[in-house]
Amino acid sequence: MNSNIYDILKERGFIAQVSDEDALRRMLGGNPITFYVGFDSTATSLHAGSLVPIMVMKHLQQAGHRPIAIVGGGTTMVGDPSGKTEMRKMLSEDAIRKNGQAIHAQLDRYLHFDGKKSLALDNADWLLPLNYVEFLREIGRHFSVNRMLAAEAYKMRLEKGLSFIEFNYQLLQAYDYLHLYQKYGCSLQMGGDDQWGNILAGTDLIRRVEGAKVEAMTFPLLTTASGAKMGKTAYGTIWLDPSLLKPYDFYQYWVNCDDRDVGRFLKLYTFLPLAEIKQLEALKGSDIRKAKQALASEATSITHGEKAAKETQVSASTAFGTGEGKSGRDLAAMPSTTISRERLTGGINPAELFTEIGLSSSRGEAKRLIKQDGLYVNDKQIKSLNQQLNEADLTPNGILLRAGKKKYHRIIVK
RNA sequence: GGGCAGGUACCCAAGUGGACAAAUGGGGCGGGCUGUAAACCCGCAGCGGUAACGCUUCGGAGGUUCGAAUCCUUCCCUGCCCA
């Protein structure tokens, strides 16, 4: 009874809105369908915020349905104003193309595009050749400006200004859906809840042009319990690309999540069965860490592979593990900088070194941190501004620098 | 094209000739408490300097003045209203 993938998605908290729940459940419970999700080519990598659509795609793929991942090479040229307070700066065509390629490569790790059971397309392919007047006559006439203006998604922009180019975004996205319907029989589009209006514009367009009924589904826009957007932290964005964010730090992101988020995240970002999640959720007090570790290692495994997940878990537990000396901290995962022996012999001002390696943004800040007892050498606080680093600080592992509680950097001397 | 209102630090937003490196708040950072959590408490806040102090900042460029984020000129940008 609960084998319908629709119910599973619902239970795991993936669904914000759907066009027609009964129809969609029937569809997803029946023969394989083709569905699509669009990704903006606004950056060179996806980040944790995109994991929800990715997870949904994987779920549906496992249930036998066919995913199409659209990279928005065409739509990104225009820029989606939905829910935005101001216009995004324009990206060059070249940047958009490069971003799109990078994103396709990333999505491939999750969805394994083969061109048949799993497709990766770029909407630039059919949007860029469009003829303006023709497009207006064939597609534009189906859109009511009145309705678009009434949409919640544009409300903010109506107060602050909305340019014509952005106003067209919805038409292009709707056209995407139509195109995919005609060419690939795509009958479900999904996206973030802010895309609801754009997605419905697509189902409407298909109804008007083809007289067919297709479906729409959106995912909730997630924030952490403390209100932050998914995938952003003080240290930066939680990229999915290991060259932009080490698997170790990716893992740390999940372990460091708010207690209140663990259950929700386990359902969304892992494939653990609900029964198991229920048990993890029931943990109390410091045992919650176990649930967080499960979350982190599953999520890391999905994105970076099982091997990387194991490694990061080991290094994390040695670094933060209870009691025993800190010597076991994972040196390999730690960023490092090499300096010359002569330099060390001459004595180095810590403020200078911390700034040089990026643990502080300026010498002034480094000094401030020292005054606040926030800088450490080999886990010992730097007590005075005059303190110099020299060979006495050199350990077999180099010199371990630390700013605050969690930011480490290793100095290798050669 | 015309009228009006604006453009201040990461964000919101005060300040309208000197005491402004720039209020308050949010966010951030450090410390404490803890469970690598939350909440809470204390502290920090351009850059250089132990400091005195110096240098650079309030959309851009010029100017007035002993002295400008604050006044003038001009340019750019944003919003509202009118065409």
Side-chain angles (χ1 to χ4, degrees), chain A residues 81 84-90 154-166 223-229 232-238 246-266 280-281 283-297 299-300 312-324 326 328-330 333-334 347 349-352 354-356 358-377 379-388 401-408:
Chain A
K84 304 246 163 38
T85 48
E86 51 191 58
M87 186 161 160
R88 203 154 31 192
K89 54 180 180 291
M90 295 267 213
Y154 293 106
K155 221 175 188 172
M156 260 191 286
R157 296 305 300 277
L158 286 175
E159 283 159 27
K160 298 208 70 173
L162 177 67
S163 79
F164 186 64
I165 179 173
E166 295 176 282
T223 53
T224 65
S226 42
K229 267 195 201 156
K232 304 274 184 183
T233 71
Y235 307 135
T237 305
I238 304 304
K246 290 201 187 61
Y248 178 81
D249 293 317
F250 184 83
Y251 180 95
Q252 286 298 314
Y253 175 72
W254 300 104
V255 178
N256 278 317
C257 80
D258 193 297
D259 280 11
R260 293 167 288 181
D261 289 326
V262 184
R264 206 157 53 100
F265 286 1
L266 279 165
L280 288 168
E281 257 183 310
L283 294 171
K284 288 265 159 22
S286 58
D287 282 340
I288 288 177
R289 275 184 310 163
K290 289 189 192 121
K292 291 185 182 179
Q293 280 158 6
L295 167 66
S297 73
T300 307
T312 52
Q313 182 160 32
V314 169
S315 42
S317 55
T318 42
F320 293 102
T322 46
E324 99 275 11
K326 307 271 178 131
R329 204 181 275 102
D330 180 46
M334 201 179 287
N349 181 311
E352 187 183 312
F354 272 92
T355 306
E356 192 178 311
L359 245 34
S360 67
S361 62
S362 70
R363 309 184 62 164
E365 185 184 70
K367 285 180 207 157
R368 206 182 301 132
L369 288 173
I370 291 173
K371 284 183 201 152
Q372 295 182 134
D373 294 332
L375 293 190
Y376 306 77
V377 173
D379 289 311
K380 284 201 301 276
Q381 265 171 15
I382 299 177
K383 294 181 296 294
S384 110
L385 291 171
N386 318 330
Q387 190 173 324
Q388 294 276 310
L401 302 182
R402 185 173 125 218
K405 290 193 173 83
K406 294 177 196 168
K407 281 174 287 181
Y408 291 93

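Computed from heavy atoms alone, side chains included, the values below leave out hydrogens, waters and symmetry copies. Every chain is numbered from 1 and lettered A, B, ... according to where its sequence line falls, protein lines coming before strand lines.
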Protein-nucleic acid N or O pairs under 3.5 Å, nucleotides 81-83 of chain B:
none

Nucleotide N/O of nucleotides 50-54 of chain B paired with protein N/O under 3.5 Å:
| unit_1 | atom_1 | unit_2 | atom_2 | d |
| --- | --- | --- | --- | --- |
| B:rU50 | OP2 | A:Lys367 | NZ | 3.1 |

Examine B:rC47: is either OP1 or OP2 under 4.0 Å from a nitrogen or oxygen in the side chain of A:Arg368? Give yes or no.
yes
Which atom pair, heavy atoms only, marks the closest approach of A:Thr355 to A:Ser360?
OG1-OG, 3.1 Å
Could you tell me whether A:Arg264 and A:Asp261 make a salt bridge, using a distance below 4.0 angstrom between a side-chain N and a carboxylate O?
yes
Rounded to whole angstrom, note down the C1' distance from B:rA45 over to B:rG27.
13 Å
Of all residues at least two apart in sequence or in a different chain, which pass the salt bridge (charged side-chain N to carboxylate O under 4.0 Å, His left out) check with A:Arg368?
none
Looking only at atom C1', what distance separates B:rU56 and B:rC47, rounded to whole Å?
7 Å
Would you mind classifying the nucleic acid contact of A:Asp373 as base, sugar-phosphate or nothing, using non-hydrogen atoms under 4.0 angstrom?
sugar-phosphate
Given B:rG48, is OP1 or OP2 found less than 4.0 Å from the side-chain N or O atoms of A:Ser362?
yes
OP1 or OP2 of B:rA37 less than 4.0 angstrom from a side-chain nitrogen or oxygen of A:Tyr253, does that happen here?
no
Taking a pair as Watson-Crick or G-U wobble with both distances under 3.5 Å, which nucleotide is matched to B:rU34?
none
It should be established whether A:Lys284 places a side-chain nitrogen or oxygen under 4.0 Å from OP1 or OP2 of nucleotide B:rG35.
no
Residues A:Cys257 and A:Leu295: closest non-hydrogen pair is SG-CD2, 3.9 Å
B:rC4: pairing nucleotide in any strand, Watson-Crick or G-U under 3.5 angstrom
B:rG79
Check this for me: does the side-chain of A:Gln372 come within 3.5 Å of the base of B:rG31 through a donor and an acceptor?
no
Which one is paired to B:rG17, where only Watson-Crick or G-U wobble pairs with both distances under 3.5 angstrom count?
none
Please determine whether any donor N or O and acceptor N or O are separated by less than 3.5 Å between the side chain of A:Asp287 and the base of B:rG35.
no
Indicate, with a heavy-atom threshold strictly under 4.0 Å, whether A:Leu375 touches base, sugar-phosphate, or nothing.
nothing
Donor-acceptor pair, A:Lys290 side chain versus A:Leu280 backbone, under 3.5 Å?
no
CD1 of A:Ile288 versus P of B:rA37: gap in Å, rounded?
13 Å
In whole angstrom, give me the gap between the P atoms of B:rG6 and B:rC71.
11 Å
Counting side-chain heavy atoms from CB outward, which of B:rU34, B:rU36, B:rC47 is closest to A:Ser361?
B:rC47
